[in-house]
Amino acid sequence: MNFVVLGRGSEFGSRCAPGFLSAIGDAVQALSQAKQLHALLVTADLSCHPSLPTKLLRSYANHGDIVSARHLFDQIPHRTVLLWNSLIRAHARCRDFSTAFSFFNQMRRSGVNPDGFTLACVLRACAEHADPFGASMVHGTMISSGLVSDSIAGAALVNSYSKLNFVNDAHQVFDEMPERDLVSWNTMIMCCSYGGNAHKGLELFHGLRESGEKPDGYTFTGLISCLRGSDLACIGEGIHGLCLKEGYTSNCHLRCALVSMYSRCNVLHSASLLFRSLSQVDLVTWSAFITGFSQAGECEESICLFREMMTSSQCAARPDSILIASLLSACATLASIRPCKEIHCFALRVGINSSVSVSCGLIDAYSKCGFAQDGFRIFEMMPRRTLVAYNTVILSMGSNGLGGEAMQTFVAMLNEGLKPDKATFSALLCACCHSGLQMEGRKLFNRMHSEFGVEPEIDHYVYIVKLFGMVGELQEAYDLIQAMPVVPDSGVWGALLWGCSIHGNKELGEIVAKKLYEIEPRKTAYRVMLSNIYAVKEKWGDVKYLRNEIAKEGMHKIPGISWIENINF
DNA sequence: ATAGGGTTAG
């Protein structure tokens with residue numbers, strides 16, 4: 001039945017039966033039809049047709065006409081849950097989550113109780129808005145109103161907590177659910193993929209099958225996204241087989257997840273094989289394929305693939321900021337200015353150069369290619385500077401010897417109200433090392449935990465050991481390493497050996513070198529460093545012994561390589 | 001109500 005046929009009935013004016021008008025509401029397809037019906041509704045008695053306003057509002061929302069939706073809402077005195085839901089969903093749909101949330105609060109103040117659909121919609125808004133406080137508030141509402149056992153609101157709560165990285169809360173809600181539907185299981189499996197917890201994901205998959213539910217495309221996509229690293233390649237292949245058997249491989253999301261999984265598991269051959277077998281490839285799948293290569297260290301290949309994508313007729317979609325950011329990271333690894341400029345120009349041409357992630361990628365890539373100043377200009381032009389932007393520019397300043405500027409930028413960042421994270425302190429300590437700001441570095445190392453609550457990790461220790469080593473406080477550095485809450489790796493010991501070598505400390509150097517031989521027996525650089533200490537002390541016998549040992553084991557030091565540019569690329 | 005690709009971090 002269509003609106004035109006039904007519409008003839010409206011010639012009878014407001015004498016239409018409520019049920020009849022409601023049927024017209026179902027048939028509304030075009031925006032103009034909705035407006036016609038809206039006019040009719042206003043002249044009639046609104047309270048006669050309780051479900052019609054909701055249908056109309058939904059129709060406006062579906063056409064993206066928020067203004068008319070709000071106008072209609074304002075005209076309706078008796079607002080049901082369904083009407084509120086439609087309005088809240090309308091705003092959530094166009095990603096205006098803060099308005100959606102404020103309508104939720106208005107709804108509660110007006111005394112209308114939310115249902116599962118309302119809460120699901122609001123929870124999504126919290127996740128998208130990075131608002132864990134809002135999510136826990138909704139959680140509280142759910143407990144007090146008994147909606148905590150509602151399957152739709154429950155699944156939405158699990159999803160919201162997991163997107164906000166509140167994994168334990170997500171788990172707890174999931175565990176306490178009286179009955180878990182497929183959506184809840186899928187959501188929980190996807191939650192594992194955000195944290196890369198493959199073991200837990202597989203365990204949940206097992207639990208899902210035990211429960212008698214049949215996994216679907218969402219399940220497999222989530223499960224595949226959990227896998228990372230060579231060790232899991234076999235499991236990935238097994239799950240791929242299962243997908244083939246169940247007939248899910250025509251699903252575009254799932255195929256893309258497979259391409260990405262093979263790259264993450266370092267099976268680029270399988271990623272290529274699968275990718276090349278696809279008859280239709282969309283932007284996201286291209287992006288997964290290209291990024292897979294750059295993350296596996298095949299950066300030149302990833303740039304070549306991008307060029308292939310741009311010239312192939314297969315991909316109708318234009319590259320977006322996500323792909324550009326990923327390519328810029330490949331340029332940074334290559335330290336090659338030509339592709340960097342190529343990608344920058346491309347971003348300018350398609351107008352995504354001012355995207356935050358593209359700007360961050362450009363700052364980093366220009367810095368690593370030796371053109372830090374160009375990166376600083378981009379930073380200055382950014383209308384909105386995020387934590388990542390600050391971290392990137394601080395690192396760029398620090399690694400280009402501008403320690404003082406890096407410290408000033410850190411202060412500016414704090415003044416903007418941004419909270420530093422572990423990458424901020426890595427960048428700052430790196431800056432201190434490069435500029436010899438050893439007192440400043442020590443202060444930062446202490447402040448990071450006491451003032452900002454950031455726990456030092458292994459790379460922070462590498463820097464602080466280097467800073468101690470610079471001024472010859474080798475014993476202090478040694479004591480610090482031994483008191484570390486995490487097991488020191490070759491990076492930390494290597495930093496101390498470097499300190500020993502520049503200060504010619506033979507005794508400590510020998511102790512440290514011994515530890516390094518245990519951790520990395522095949523790496524000759526440590527033996528060379530120790531032999532340099534011997535050489536300074538004119539212990540030629542020891543030098544000869546070490547050099548002989550290197551030769552005897554058939555080992556040789558990998559020479560360092562410096563190059564200006566790979567001209568052919 | 002759930003899905004695929006991303007930027008900084010010796």
Side-chain angles (χ1 to χ4, degrees), chain A residues 89 116-124 127 150-160 162-163 181-191 193 216-225 248 251-261 263-264 282-292 294-295 319-330 332 355-365 367-368 375 386-396 398-399 421-430 433 457-463 465-466 489-492 494-495 498:
Chain A
R89 193 176 297 115
F117 289 98
T118 325
L119 297 174
C121 202
V122 172
L123 281 165
R124 203 191 127 130
D150 180 280
S151 76
I152 291 173
L157 186 61
V158 172
N159 184 43
S160 193
S162 66
K163 289 242 172 79
D181 60 5
L182 185 58
V183 175
S184 315
W185 280 105
N186 289 349
T187 305
M188 204 60 230
I189 292 173
M190 280 166 217
C191 173
S193 80
D216 65 359
Y218 285 80
T219 321
F220 283 111
T221 307
L223 188 60
I224 288 161
S225 307
Y248 288 120
N251 179 325
C252 156
H253 287 250
L254 195 139
R255 289 188 316 201
C256 177
L258 280 168
V259 169
S260 173
M261 178 274 290
S263 316
R264 283 195 310 271
D282 68 357
L283 174 65
V284 180
T285 311
W286 261 113
S287 189
F289 190 54
I290 291 171
T291 304
S294 75
Q295 287 178 348
D320 61 1
S321 59
I322 293 178
L323 177 54
I324 297 300
S326 169
L327 285 160
L328 286 167
S329 161
S355 130
V356 173
S357 48
V358 170
S359 299
C360 294
L362 282 168
I363 298 167
D364 185 54
S367 166
K368 301 252 165 78
T386 59
L387 176 65
V388 175
Y390 270 103
N391 289 351
T392 310
V393 84
I394 289 172
L395 182 73
S396 169
S399 32
D421 67 355
K422 54 182 177 175
T424 317
F425 289 102
S426 277
L428 286 168
L429 291 170
C430 171
C433 278
E457 287 179 20
I458 209 109
D459 41 316
H460 303 115
Y461 279 98
V462 172
Y463 289 126
V465 166
K466 225 171 169 181
D489 67 352
S490 62
V492 181
W498 171 83

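So that the names make sense, note that chain A is the first sequence line, chain B the second, and so on, each numbered from 1. Predicted model, so just to flag it, every value in this text is computed and none were measured.
- Residue A:K422 places no side-chain N or O under 4.0 Å from the OP1 or OP2 atom of B:dG10.
- Proximity of A:K163 to the phosphate of B:dA1: no side-chain N or O atom is located under 4.0 Å from OP1 or OP2.
- To the nearest angstrom, P of B:dT2 lies 13 Å from CG of A:L182.
- Proximity note for A:D282 (side chain, C-beta onward) versus B:dG4, B:dG5, B:dA3: the nearest is B:dG4.
- If you take CG of A:N159 and C1' of B:dA1, they are 8 Å apart, rounded to a whole angstrom.
- Nearest to the side chain of A:L395, among B:dA3, B:dG4, B:dG10, sits B:dG10.
- Here the P atom of nucleotide B:dT8 and the CZ atom of A:F425 are 20 Å apart, to the nearest Å.
- Within 3.5 Å, no donor on the side chain of A:T221 pairs with an acceptor on the base of B:dG4, nor the reverse.
- Between the base of B:dG6 and the side chain of A:D320 there is no donor-acceptor pair shorter than 3.5 Å.
- Using a 4.0 Å heavy-atom distance criterion, A:R255 is classed as making no nucleic acid contact.
- Listed for the A:S160 side chain is no donor-acceptor partner under 3.5 Å among the backbone atoms of A:L157.
- Looking at every heavy atom in both residues, A:G217 comes nearest to A:L254 through O-CD1, 3.8 Å.
- A:C252 comes within contact range of at least one nucleobase, with a heavy-atom separation under 4.0 Å.
- Judged purely by atom type and a 3.5 angstrom limit, A:S396 has no side-chain atom pairing as donor or acceptor with the backbone of A:T392.
- Using a 4.0 Å heavy-atom distance criterion, A:S287 is classed as a base contact.
- Per the geometry, CD1 belonging to A:I363 stands 12 Å off P belonging to B:dA9, to the nearest Å.
- The separation between A:L328 atom CG and B:dG5 atom C1' is 15 Å, rounded to whole Å.
- Of the inter-residue distances, the one linking A:L387 atom CG with A:T424 atom OG1 reads 4.5 Å to the nearest 0.5 angstrom.
- For the pair A:Y463 and B:dG10, the criterion of a side-chain N or O lying under 4.0 Å from OP1 or OP2 is met.
- Taking 3.5 Å as the limit, the base of B:dG4 and the side chain of A:S260 contain no donor-acceptor pair of atoms between them.
- Between B:dA3, B:dA1, B:dG4, one nucleotide has an atom nearer to the side chain of A:V284 than all others, and that is B:dG4.
- Of the side-chain N and O atoms in A:S193, none sit less than 4.0 angstrom from OP1 or OP2 of B:dA3.
- Set against B:dG5, B:dA3, B:dT7, the side chain of A:H253 has B:dA3 as its closest nucleotide.
- A:Q295 has no side-chain polar atom (N or O) that falls below the 4.0 Å cut-off from OP1 or OP2 of B:dG5.
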### Query
A:L182 and A:N186: side-chain contact (heavy atoms from CB on, under 4.5 Å), yes or no, with the steps?
CA-CA 6 Å; A:L182 185 58; A:N186 289 349; 3.8 Å; yes

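- Closest to the A:V183 side chain, of the nucleotides B:dT2, B:dG6, B:dG4, is B:dT2.
- For A:N186 against B:dA3, no side-chain N or O and base N or O form a donor-acceptor pair under 3.5 Å.
- Rounded to whole Å, the distance from CZ on A:F220 to P on B:dT2 is 21 Å.
- Using a 4.0 Å heavy-atom distance criterion, A:S359 is classed as making no nucleic acid contact.
- Summarising the geometry, the separation between CZ on A:R264 and P on B:dG4 is reported as 11 Å, rounded to the nearest angstrom.
- To the nearest angstrom, P of B:dA1 lies 7 Å from CD1 of A:I152.
- If you check every strand for non-hydrogen atoms under 4.0 Å, A:A423 touches a base.
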